[in-house]
Amino acid sequence: RTVTPAWILAQFKHSSFRHQEPTLDQCWTGLAHPSQKRKAAPDTRNKGGGWIQKSRNLHEFAPVTVVKASSVDNPMILRIHQAKKKRIQSQQSSSSGGDSVGVVKNPPLCNRGRNEGISNMLKQLSNLHLECPLGTMDHWRAYHYGLMAGRVKQLDFEIVDERVLPRLQHIQGFGDSIRNKIKEYLQTGTCQKIKELERDPYRKAVQSMIKIWSIGPIKGKELVELGYRTIRDVRKGLSRGELDGLSANAKIGIDCYEDFEERMSRSEVSQIGDIVIRTCRQVLPGAEATIMGSYRRGLPNCGDIDVLILHPDFVETTPKGALGRLIRMLHQSGHMLHDLTSVDGMTAGGNGTELQSESDDSVFHSRSSEIEGQGETSMGLQKYGHYHGSSSYMGVFASPTDAGKRRRIDIKIYPYQERAFASMYFTGNGDFNRSMRLWSSKARGMTLNDHGLFPNGTDFANGKESVDKLKGASLPAATEEDIFELLGLEYRAPSERDSFDAIVEKSTSQPVAIVELDKGEIHHEMKHIWID
DNA sequence: CGACAGCCGTA
DNA sequence: TACGGC
DNA sequence: GTCG
Ligand SMILES: O=c1ccn([C@H]2C[C@H](O)[C@@H](COP(=O)(O)OP(=O)(O)OP(=O)(O)O)O2)c(=O)[nH]1
Ligand SMILES: [Mg+2]
């Protein structure tokens, strides 16, 4: 937060090192009315080498100097850095390692649903921070609470009273704060922090703003500072012309507020899927379209519908303009109501189903952005040195089962050779993907994304443009099983891909190890412990 | 202190 | 680049 | 929030 000079002066009066929380009017919001916003100036705070950074334009923002706690004079941080140096040295001298880990921090986990109450409490804490990340820390608080909510369920013992707390201390991720909350839960059956967060009217207001699609914590706070508290307020403001500065997507989000809050039944998802898939086959004969996301994982209800399109004849590219034609046709039939992303080829005159085979050179080189070369993102060619033509669409679909209701839809199309990676990605869930990518990077020295699996230390990783195409190329995988195998992970069916801890090293793996870390270091490289 | 996945689209 | 989203 |  940026504070006003008034707040700073007030702190000196207290002659104490503990400062007071600034009240709302002691904060410098620096906010302009959305409709008056100019182009965003680059945020230069906290960048650059020095450990003292001056604030920018004094007339625009509060005259505050940001002091970074640096290693220069902070004994705590010095100690950490020295410890780090020592660790590195000892590893270089005796590379045998493996036994440097005295405490076994990874007890056997099982997948029985234990510790329900505690897990629910942690999940609530996670959601409260996630749904309203006011501070910069809240994002990672939510992340960690979420992680531990999953992990308590998998413990091989039930937390019934305080005597097991010391035992928790030796398990990765249960720090002081969480152990104290568990203690409080055991004693009182509740958690004051949750109550506190739920009561806070400011939080509540921001949260209701954030639920508008395309409004995040920044815009949400801005709206609250401007006096809006509820979706009704925002709608009123919009009708008065006070909020014309909001993005086109935000206006759609406001319009569909209640509809987007709801989740749909599987049967509704499958009916929408039928419509999309049928239309897709008309527009692109031979295409394979599949419903992904929570639907593929078998959840009883879904927040949106995710559709993946592939075509076996387009191995390295995607058919030009196909996605656009699909969207156009869905608009014409009245199913698609709004676009949340632009679509190349949608407004083009290209008729129906002309199919260029990908061996046609014109498909390959249609990558200038002025032309409506479909798909091909600018990053793809530069960073990966491989040619790809994936593209994606986000829109709003009319419910076929619940008249008048509007549903979020995501449609993505990938080259056929990326199908395993695209399907892994699009099946999720989000935590599972993050866990798998973290494992890939930390334990295997490879970067995993929705296009492929890339060994690090190649041109890809260095961000250079690849001259030799093979050097920047992905390891091949035709199926999802292949990807688990390449990474040395236990296979997980879609319905099992439900948490961070669902990523587990395969016991008999002969992985394609690229990093030269010993096992102990791999395991303890990060706080995320991979359980054998 | 820095890490906690890796991208894409909009303004 | 900042923000929001998958 | 937690770890190294
Ligand atoms: O931060 C994210 C969000 C999503 N995804 C992937 C996994 C996810 O399964 C898929 C579709 O995203 P969506 O937001 O639709 O999630 P979902 O798993 O389908 O759940 P929901 O029922 O809320 O749609 O995209 C990620 O990799 N990272
Ligand atoms: Mg979904």
Side-chain angles (χ1 to χ4, degrees), chain A residues 34 37-45 47 51 68-71 74 76-81 83-88 100-101 105 122 125-126 129 133 135 137-148 171-181 193 210 212-220 222 245-250 253 292-293 303-304 306 339-343 375 377-380 383-384 390-394 408 410-412 421 425-426 428-442 447-452 454 500 503 521 524-529:
Chain A
K37 271 267 163 98
R38 289 169 188 72
K39 64 162 190 237
D43 190 349
T44 52
R45 286 171 302 177
K47 300 222 167 68
W51 53 286
K68 207 172 165 186
S70 87
S71 53
N74 187 328
M76 172 73 143
I77 290 166
L78 224 95
R79 202 172 49 75
I80 292 171
H81 283 215
K84 187 174 182 178
K85 215 185 279 174
K86 217 190 268 174
R87 227 176 24 247
I88 292 167
S100 61
V101 191
K105 279 209 148 192
L122 296 176
L125 281 163
S126 173
H129 290 286
M137 303 305 307
D138 284 3
H139 172 83
W140 295 112
R141 281 203 188 110
Y143 171 89
H144 200 267
Y145 276 130
L147 221 60
M148 292 307 115
I171 297 168
Q172 195 78 19
F174 293 90
D176 292 343
S177 175
I178 285 183
R179 284 205 316 282
N180 279 333
K181 289 194 173 54
K193 186 75 188 174
I210 285 177
I212 302 169
W213 197 89
S214 85
I215 299 296
I218 302 295
K219 268 274 174 310
E222 210 170 299
L246 289 175
S247 69
N249 283 352
M292 313 296 288
D304 68 354
D306 307 286
D339 303 322
L340 296 166
T341 58
S342 57
V343 199
T377 56
S378 52
M379 280 292 289
K383 184 162 179 187
Y384 297 94
S390 76
S391 63
S392 70
Y393 169 82
M394 294 157 72
R408 279 276 298 105
D410 281 22
I411 305 176
K412 291 172 190 286
F421 300 100
Y425 159 73
F426 217 17
N429 67 9
D431 277 353
F432 182 85
N433 287 351
R434 292 169 76 170
S435 187
M436 185 179 246
R437 289 167 180 208
L438 191 67
W439 166 267
S440 171
S441 150
K442 300 294 175 196
T447 298
L448 174 67
N449 61 25
D450 52 338
H451 303 292
F454 306 88
F500 212 94
I503 291 293
E521 189 183 359
H524 292 274
E525 174 69 23
M526 303 296 303
K527 75 198 165 97
H528 306 287
I529 284 291

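Neither OP1 nor OP2 of C:dC3 sits under 4.0 Å from any side-chain N or O of A:S214. For A:W213 and B:dT10, the shortest distance from a side-chain N or O to OP1 or OP2 is not below 4.0 Å. For the pair A:K219 and C:dA2, the criterion of a side-chain N or O lying under 4.0 Å from OP1 or OP2 is not met. Phosphate contact (OP1/OP2 of C:dC6, side-chain N/O of A:R408, threshold under 4.0 Å): present. Taking side-chain N and O atoms only, A:N449 has a distance below 4.0 Å to OP1 or OP2 of B:dC7. Considering only side-chain N and O atoms, A:S177 lies under 4.0 angstrom from the phosphate OP1 or OP2 of D:dG1. The side chain of A:Y145 places no N or O atom within less than 4.0 Å of a non-bridging phosphate oxygen (OP1 or OP2) of D:dT2. Here A:R141 reaches the OP1 or OP2 of D:dG1: one of its side-chain N or O atoms lies under 4.0 Å away.
Nearest nucleotide to the side chain of A:M394, out of D:dC3, B:dA11, C:dC6: C:dC6. Listed nucleotides: D:dG1, B:dA11, C:dC6. Nearest to the side chain of A:F426: C:dC6. Of the listed nucleotides (B:dG6, D:dG4, D:dT2), D:dT2 has the atom at the smallest distance from the side chain of A:I178. Nearest to the side chain of A:L438, among B:dT10, C:dG4, B:dA5, sits B:dA5. Checking D:dC3, D:dG1, B:dG6 against every side-chain atom of A:S441, the shortest atom distance belongs to B:dG6. Here C:dC6 is the nucleotide among B:dA5, C:dC6, D:dT2 with the atom lying nearest to any side-chain atom of A:D306. Considering only the side chain of A:I218, C:dC3 comes nearest among B:dA3, C:dC3, B:dT10.
A:D450 places its CG atom 9 Å from the C1' atom of B:dC8, with the value rounded to the nearest Å. Protein atom CG of A:L340 is 9 Å distant from nucleotide atom P of B:dT10, rounded to whole Å. Separating the CD1 atom of A:I411 from the P atom of C:dC6 is a distance of 14 Å, rounded to the nearest angstrom. Nucleotide B:dC4 holds its P atom 15 Å from the CD atom of A:Q172, rounded to whole Å. If you measure from atom CZ of A:R434 to atom C1' of B:dA5, you get 7 Å, rounded to the nearest angstrom. A straight line from NZ of A:K181 to P of D:dT2 spans 7 Å, rounded to a whole angstrom. In this structure, A:F500 atom CZ and D:dT2 atom C1' are separated by 13 Å, rounded to whole Å. The CG atom of A:L147 sits 18 Å away from the P atom of B:dA3 (whole-angstrom rounding).
Note on A:I212: only backbone sugar-phosphate atoms sit closer than 4.0 angstrom, heavy atoms only; bases stay farther off. Nucleic acid contact for A:S440: none, since no nucleic acid atom lies under 4.0 Å from a heavy atom of the residue. Note on A:D410: only backbone sugar-phosphate atoms sit closer than 4.0 angstrom, heavy atoms only; bases stay farther off.
A pairwise comparison of heavy atoms in A:S392 and A:K412 identifies CB-CG, 3.4 Å as the closest pair.
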Mind running side-chain contact (heavy atoms from CB on, under 4.5 Å) on A:Y425 and A:M436 for me, showing each step along the way?
CA-CA 10 Å; A:Y425 159 73; A:M436 185 179 246; over 6 Å; no
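The aromatic rings of A:Y143 and A:F500 sit perpendicular, their planes meeting at an angle over 60°, well past the 30° parallel limit.
Nucleotides C:dC6 and B:dC4 have their P atoms positioned 22 Å apart, rounded to a whole Å.
Judged purely by atom type and a 3.5 angstrom limit, A:D339 has no side-chain atom pairing as donor or acceptor with the backbone of A:S342. Counting only distance, with no hydrogens or angles, the side chain of A:N449 and the backbone of A:G452 share a donor-acceptor pair below 3.5 Å.
Legend: residues meeting side-chain contact (heavy atoms from CB on, under 4.5 Å) with A:D304, ordered by chain and number and at least two apart, are A:D306, A:R408, A:D410. For the side-chain contact (heavy atoms from CB on, under 4.5 Å) test, residues two or more places apart in sequence or in another chain that qualify with A:S214 are A:S247, A:N249, A:A250.
Counting atom types as modelled, A:Y425 pairs a side-chain N or O with a base atom of C:dC6 as donor and acceptor under 3.5 Å.
A stacked arrangement is assigned to A:W140 and the six-membered base ring of B:dC4, with a centre-to-centre distance below 5.5 Å and an interplanar angle below 30°.
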